[in-house]
**Student:** 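Dumping the structure here so I can ask a few things about it.
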Amino acid sequence: MEINGLPAHPLLVHLVVVLLPLSAAGGVMVSIWPAAQRKLGLLVPLGALVGMLAVPLTTRAGRDLARHFGNPPFIAQHQSYGNQVLPWAIALAATTVLQWLVLRRPRTTTSTALRVAMGLAVVVSAVGTVVIVALTGDSGARAVWGNR
């Protein structure tokens, strides 16, 4: 897969490594800071959804790039981590969308326990997403630039 004659993977990966961690940070802020709930609103779930949708495209482009180079063994760890990004991205998108829906309802119609549970679910999915994106990015950078 190419974009304007360039391998698509290094270009698409920026959507994933920017949107998912930013959405994760925003989701955590919305979970613990009431002012963030008002200010970030739809931006957090929207960013998480776009980031999630970018993962399969990025993964496919990465597989195409690996095949182009004959599937070198030094990218095996990167591919292994990369295959774990989508489930975490789905979890982040789902929890931030659900949290946004819950927080839009008046406080009188939602229990504090539900709001806290949603916040905890967002924090767990955010931490998992950031960790796997960082591990994937680091292993990819090492495969290209560092110790193979």
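The chain is numbered in sequence order, starting from 1. No hydrogens, no waters, no symmetry mates; every other heavy atom, side chains included, goes into these values.
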**Student:** Let me check something: any side-chain donor-acceptor pairs from residues 119-137 under 3.5 Å, sequence neighbours excluded? List them with distances.
**Tutor:**
unit_1	atom_1	unit_2	atom_2	d
Ser125	OG	Thr95	OG1	2.8
Ser125	OG	Ala121	O	3.2
Ser125	OG	Val122	O	3.0
Thr129	OG1	Trp88	O	3.1
Thr129	OG1	Ser125	O	2.7
Thr136	OG1	Tyr81	O	3.4
Thr136	OG1	Ile132	O	2.7

**Student:** Quick check: closest heavy atoms across Val55 and Ala89, and the distance to 0.1 Å?
**Tutor:** CG2-CB, 4.1 Å
**Student:** Within the 4.5 Å heavy-atom criterion, are Leu49 and Val97 side-chain neighbours or not?
**Tutor:** yes
**Student:** Quick check for you: to the nearest 0.5 Å, what is the distance between Thr96 atom OG1 and Met52 atom CE?
**Tutor:** 9.5 Å
**Student:** Output the distance between atom CD (Gln37) and atom OG (Ser31), rounded to the nearest 0.5 Å.
**Tutor:** 8.0 Å
**Student:** Mind running side chain to side chain contact (heavy atoms under 4.5 Å, CB included) on Val30 and Leu103 for me, showing each step along the way?
**Tutor:** CA-CA 9 Å; Val30 165; Leu103 293 175; 3.5 Å; yes
**Student:** Do Leu42 and Leu101 belong to the same hydrophobic cluster, where Ile, Leu, Val, Met, Phe, Trp and Tyr are linked whenever their side-chain heavy atoms lie under 4.5 Å apart, directly or via other members?
**Tutor:** yes
**Student:** Testing the basics here: between Val44 and Ser23, what is the closest heavy-atom pair and its distance to 0.1 Å?
**Tutor:** CG1-O, 3.5 Å
**Student:** Heavy atoms only: give me the nearest Gly27-Gln99 pair and the separation to one decimal.
**Tutor:** O-OE1, 3.9 Å
**Student:** Do Val144 and His78 come close enough that some side-chain heavy atom pair is under 4.5 Å?
**Tutor:** no
**Student:** For residues 3-16, run the donor-acceptor check on the side chains, cut-off 3.5 Å, and write out each pair with its distance to 0.1 Å, sequence neighbours left out.
**Tutor:**
unit_1	atom_1	unit_2	atom_2	d
His9	ND1	Thr58	O	2.9
His9	ND1	Gly62	N	3.4
His14	ND1	Pro10	O	2.8

**Student:** For Met1 and Asp64, work out which heavy atoms get closest and say how close.
**Tutor:** N-OD2, 3.0 Å
**Student:** How far apart are the closest heavy atoms of Val102 and Met118, and which atoms are they?
**Tutor:** CG2-CG, 4.0 Å
**Student:** I need the minimum non-hydrogen distance between Gln84 and Pro87, along with the two atoms involved.
**Tutor:** O-CD, 3.4 Å
**Student:** What distance do Leu40 atom CG and Leu46 atom CG have between them, rounded to the nearest 0.5 Å?
**Tutor:** 12.0 Å
**Student:** Applying side chain to side chain contact (heavy atoms under 4.5 Å, CB included), run through Val116 and Thr112 and close with a yes or a no.
**Tutor:** CA-CA 6 Å; Val116 169; Thr112 302; 4.1 Å; yes
**Student:** When you group the ILVMFWY residues by side-chain heavy-atom contacts below 4.5 Å and let the links chain together, are Leu86 and Leu53 in the same group?
**Tutor:** yes
**Student:** Hey, what do you get for CZ (Arg105) to CH2 (Trp100), rounding to the nearest 0.5 Å?
**Tutor:** 13.0 Å
**Student:** State, yes or no, whether a side-chain contact exists between Pro34 and Arg38 at a heavy-atom distance under 4.5 Å.
**Tutor:** yes
**Student:** Honestly curious: do Val85 and Ile90 fall in one hydrophobic cluster under the side-chain, below-4.5 Å linking rule?
**Tutor:** yes
**Student:** In the structure I gave you, are the side-chain heavy atoms of Leu65 and Ile75 within less than 4.5 Å of one another anywhere?
**Tutor:** no
